[in-house]
Amino acid sequence: MSAHMHSKFYIGYRPSPRRLNSCMMVDNPYLAHLPPFQRGAVHSSSSSPLFGFLPRKVKGEQVRKAMNHQLNPFTKQPHSAQYRKILETRRALPVFSQMDDFLELFSKNQIIVMVGETGAGKTTQIPQFVTYSDLPHTKGKLVACTQPRRVAAMSVAQRVADEMDVQLGKQVGYSIRFEDMTESETTFLKYMTDGMLLREAMSDTELSRYSTIILDEAHERTLATDILMGLLKNLAKRRKDLKIIVMSATLDTVKFQSYFSLHDSAAGEKPSPAPLFKVPGRTHPVEVFYIQEPEPDYVEAAIRTVLMIHRAEDPGDILIFLTGEEEIEDACRKIKIEADDLLNADPSSVGPLMCVPLYSSLPLQQQQRIFDAAPKPSQAGYPPGRKVVVSTNIAETSLTIDGIVYVVDPGFLKQTVYNPRIRVESSLVSPISKASAQQRAGRAGRTRPGKCFRLYTEKDFMLELEEQTHPEILRSNLANAVLGLAKYGIKDLVRFDFLDAPAPETLMRALELLNYLAALNDEGELTALGGVMAEFPLDPQLAKMLIVSPEFRVSNEILTITAMLSIPNVWLRPPNQRAAAEQAKAMLTVPEGDHFTLLNVYNNYAQSTYSEPDVIQSMTPLVDKDDRNWAWNNFLSARALAQAENVRAQLLRTMEKYDVDVISLEDERKRNIGIRQALTCGFFMQVAHKEGEKGSYLTVKDNQVVALHPSCGLDTQPEWVLFNEFVLTKRPYIRTVTEVKPEWLLEYAPVYFDLASFPDGETKRALQRVANRRRGTNGGKEPRPKKKLKKSQMNH
DNA sequence: GAGCACTGC
């Protein structure tokens with residue numbers, strides 16, 4: 001299928017008259033050593049705005065002159081009036097006055113570490129300065145600037161395109177999952193997600209398209225940025241022509257500087273830290289208050305603080321950080337009740353209060369309410385109203401709300417922690433770091449001076465809080481990352497130079513899983529199967545299951561199930577309509593297993609959908625689509641379903657690229673068996689065996705006592721179940737569960753289920769009985785696979 | 001009979 005070629009998001013190469021013109025004349029001496037075909041974009045006469053620019057030796061004086069030039073050097077068109085207007089505001093940015101220093105440092109160094117608080121303009125300006133000096137368009141290369149989030153990559157690219165007076169997607173573009181807004185041979189400044197650059201590195205280990213790579217928001221320490229830092233540090237030694245800039249918002253730069261110290265140890269050089277470039281921030285002062293005594297109940301304390309602010313402080317909106325949906329909804333209810341009481345008791349001295357919850361699973365329309373204006377006074381001459389946003393950590397970095405003057409910070413967040421011993425990621429409430437506390441406080445000073453109320457003591461802040469949040473690489477399951485690094489060609493992970501090295505046990509768990517899945521052989525080398533697995537934007541278990549599924553002739557169904565397992569929860573449960581939501585869910589439930597229910601939900605959704613097969617939907621939720629009613633009526637998240645559709649389309653393209661056939665079985669009974677067999681091939685390490693009659697299960701090998709999650713739709717309690725997720729909340733649960741046959745475990749995962757090395761227990765005895773039975777039916781011979789599997793799919 | 005902090009490919 002080549003449908004995506006017609007998508008509006010895939011802009012093909014089109015020769016333009018402008019590009020042809022720019023190829024004509026060359027009079028710049030430094031061009032002499034360039035191959036002729038690279039001369040294209042360079043300037044034709046002394047009137048050219050970039051006349052005399054020597055790549056990477058450009059001075060601030062020259063750039064300012066070019067910026068003020070009548071012609072845009074990159075389009076050869078006259079600058080617009082809007083350009084000049086924006087240029088005025090750019091000149092007021094702190095970083096703009098440091099252009100000369102920056103360009104000098106850039107000329108002299110391969111790697112630079114930059115630090116600057118928000119508001120300094122580094123994300124928009126530095127890549128432009130780099131472009132003027134590096135002149136990537138003259139070498140057929142690009143400058144890349146990575147961002148941890150898609151929205152940031154898109155909006156910054158738009159802003160910079162405006163600043164440079166070019167059309168977004170031409171000279172300046174962005175690249176995020178599902179959307180490539182660049183034009184090959186035209187785009188030379190590209191904003192992209194860090195994950196996107198990491199993926200590119202897997203197929204082009206030299207990242208040869210790029211002349212300069214800027215890692216922005218490096219202090220956030222996302223998994224992708226951390227791995228990129230490791231790769232780039234090494235790459236810098238091989239590619240002396242590659243320049244790297246690491247930009248961070250906190251002062252923890254010494255670590256970055258020494259990590260990126262460049263020295264030639266062979267030549268006996270001493271390591272010298274990478275140079276640091278500082279940009280002053282430009283935010284308003286925020287006054288910080290601490291409590292005197294520790295508070296046992298931070299939610300209650302937060303509510304009291306909000307009401308105190310409301311009664312006693314000047315007008316201005318409030319932002320409270322809590323940890324999760326339930327806590328937030330609960331707090332909103334209580335604040336509303338209390339605030340209404342205050343208003344009724346004394347309307348002349350207290351204004352009305354509007355309380356808005358904010359968390360990521362909230363439907364987008366409700367999220368938008370955070371931008372509503374605060375309520376008006378209850379009557380003329382009375383105090384103005386106030387808006388209170390009660391949010392998760394999403395408001396710390398992902399969403400910015402203007403007009404916040406007061407921040408209430410109880411000092412906690414929910415974050416996942418990976419326990420490699422039991423191979424479980426769980427969501428835990430934990431204290432924030434100092435850096436995070438500082439970031440939260442900063443949210444009060446975006447529009448004018450503000451106040452931050454910390455619901456912990458100053459002593460606790462000083463002594464108990466960690467300096468920085470633990471980077472993701474130390475808190476996550478690394479199976480995916482390790483597969484990616486293997487694909488990249490990293491052989492010795494234990495000696496890989498990470499900024500913060502993950503726990504050896506975490507790496508071991510990842511290697512073990514990939515070995516059982518036959519993505520890595522016993523020497524830890526990538527197998528052919530592993531190479532294809534790495535091409536899919538999926539966890540290894542899902543990738544394996546999908547690639548194997550054509551063997552069972554159910555890849556069409558497994559594709560859908562995979563997409564549904566890669567998106568957030570689709571089930572909505574509005575607190576006041578729980579019964580109705582349960583009923584709707586029951587209508588869609590397939591008793592054979594939760595994976596089948598997910599398949600059923602998607603198929604129903606797809607049928608209800610007006611489909612545009614030739615258009616890849618953008619990441620924007622499809623709120624106008626016909627199916628919105630169907631999703632809504634069935635208490636399903638339209639946003640999640642639209643995401644599933646996107647993911648499915650992307651996976652389908654990858655399957656086609658790597659010749660993974662998309663097929664389906666006509667016969668329903670056979671099809672359902674095939675689906676469960678394919679599931680087994682990916683998830684044989686996530687199987688539980690029923691123990692006793694009380695519905696408790698024991699996970700295979702790890703021997704964790706678990707229960708079926710209450711959301712599970714099975715109508716019986718099968719002896720053997722496969723699960724997608726182990727969740728550790730009040731009790732350990734397994735979620736998204738389907739029955740499997742023990743024969744399949746022995747057949748499709750013989751290494752993992754090798755009984756000679758299996759831990760003793762009831763599970764082993766049950767498997768032993770199955771093995772004996774199988775031998776019996778085979779006349780004493782070793783079991784033989786019913787279906788001939790490709791070598792790559794067998795475990796060794 | 002319970003929950004999904006938040007990103008990303």
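Letters go in sequence order (proteins before strands), and every chain restarts at 1. Scope of the values below: all heavy atoms of this structure, side chains included, with no hydrogens, waters or symmetry mates. Computed from a prediction, not measured in an experiment: that's the story for all the values here.
- The base of B:dC6 is not paired with the side chain of A:Asn393 by any donor and acceptor separated by under 3.5 Å.
- Residue A:Arg475 contributes atom CZ, which lies 13 Å from atom P of B:dC6 at whole-angstrom precision.
- Remark: A:Glu739 engages A:Lys741 in a side-chain hydrogen bond (donor to acceptor under 3.5 Å, both in side chains) (not counting sequence neighbours).
- Closest contact between the side chain of A:Thr193 and the listed nucleotides B:dC9, B:dA5, B:dG3 involves B:dC9.
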Tabulate below the donor-acceptor pairs under 3.5 Å that side-chain atoms of residues 411-419 of chain A make, not counting sequence neighbours, or state none.
unit_1, atom_1, unit_2, atom_2, d
A:Gln415, NE2, A:Ser430, OG, 3.4
A:Asn419, OD1, A:Arg421, N, 2.9

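- In summary, the side chains of A:Tyr174 and A:Glu179 do present a donor paired with an acceptor at a separation below 3.5 Å, with no hydrogens or angles considered.
- Listed by chain and number, the residues in a salt bridge (Lys or Arg N to Asp or Glu O under 4.0 Å) with A:Lys585 amount to none (sequence neighbours excluded).
- Under the ring pair (Phe, Tyr, Trp, His ring centres under 6.0 Å) criterion, A:Tyr733 pairs with A:His709, not counting sequence neighbours.
- Remark: A:His219 engages no residue in a ring pair (Phe, Tyr, Trp, His ring centres under 6.0 Å) (not counting sequence neighbours).
- The base of B:dA5 sits with one of its N or O atoms less than 3.5 Å from a complementary donor or acceptor on the side chain of A:Thr416.
- The side chain of A:Ser398 sits closest to B:dT7 out of B:dG8, B:dT7, B:dG3.
- For the contact set between residues 221-229 of chain A and DNA chain B, defined by any heavy atom under 4.0 Å, there are no members.
- Proximity note for A:Gln415 (side chain, C-beta onward) versus B:dG8, B:dA5, B:dT7: the nearest is B:dA5.
- Distances from the side chain of A:Tyr733 to the nucleotides B:dG3, B:dG8, B:dT7 place B:dG3 closest.
- The shortest distance between the side-chain N/O atoms of A:Ser360 and the OP1/OP2 oxygens of B:dC6 is below 4.0 Å.
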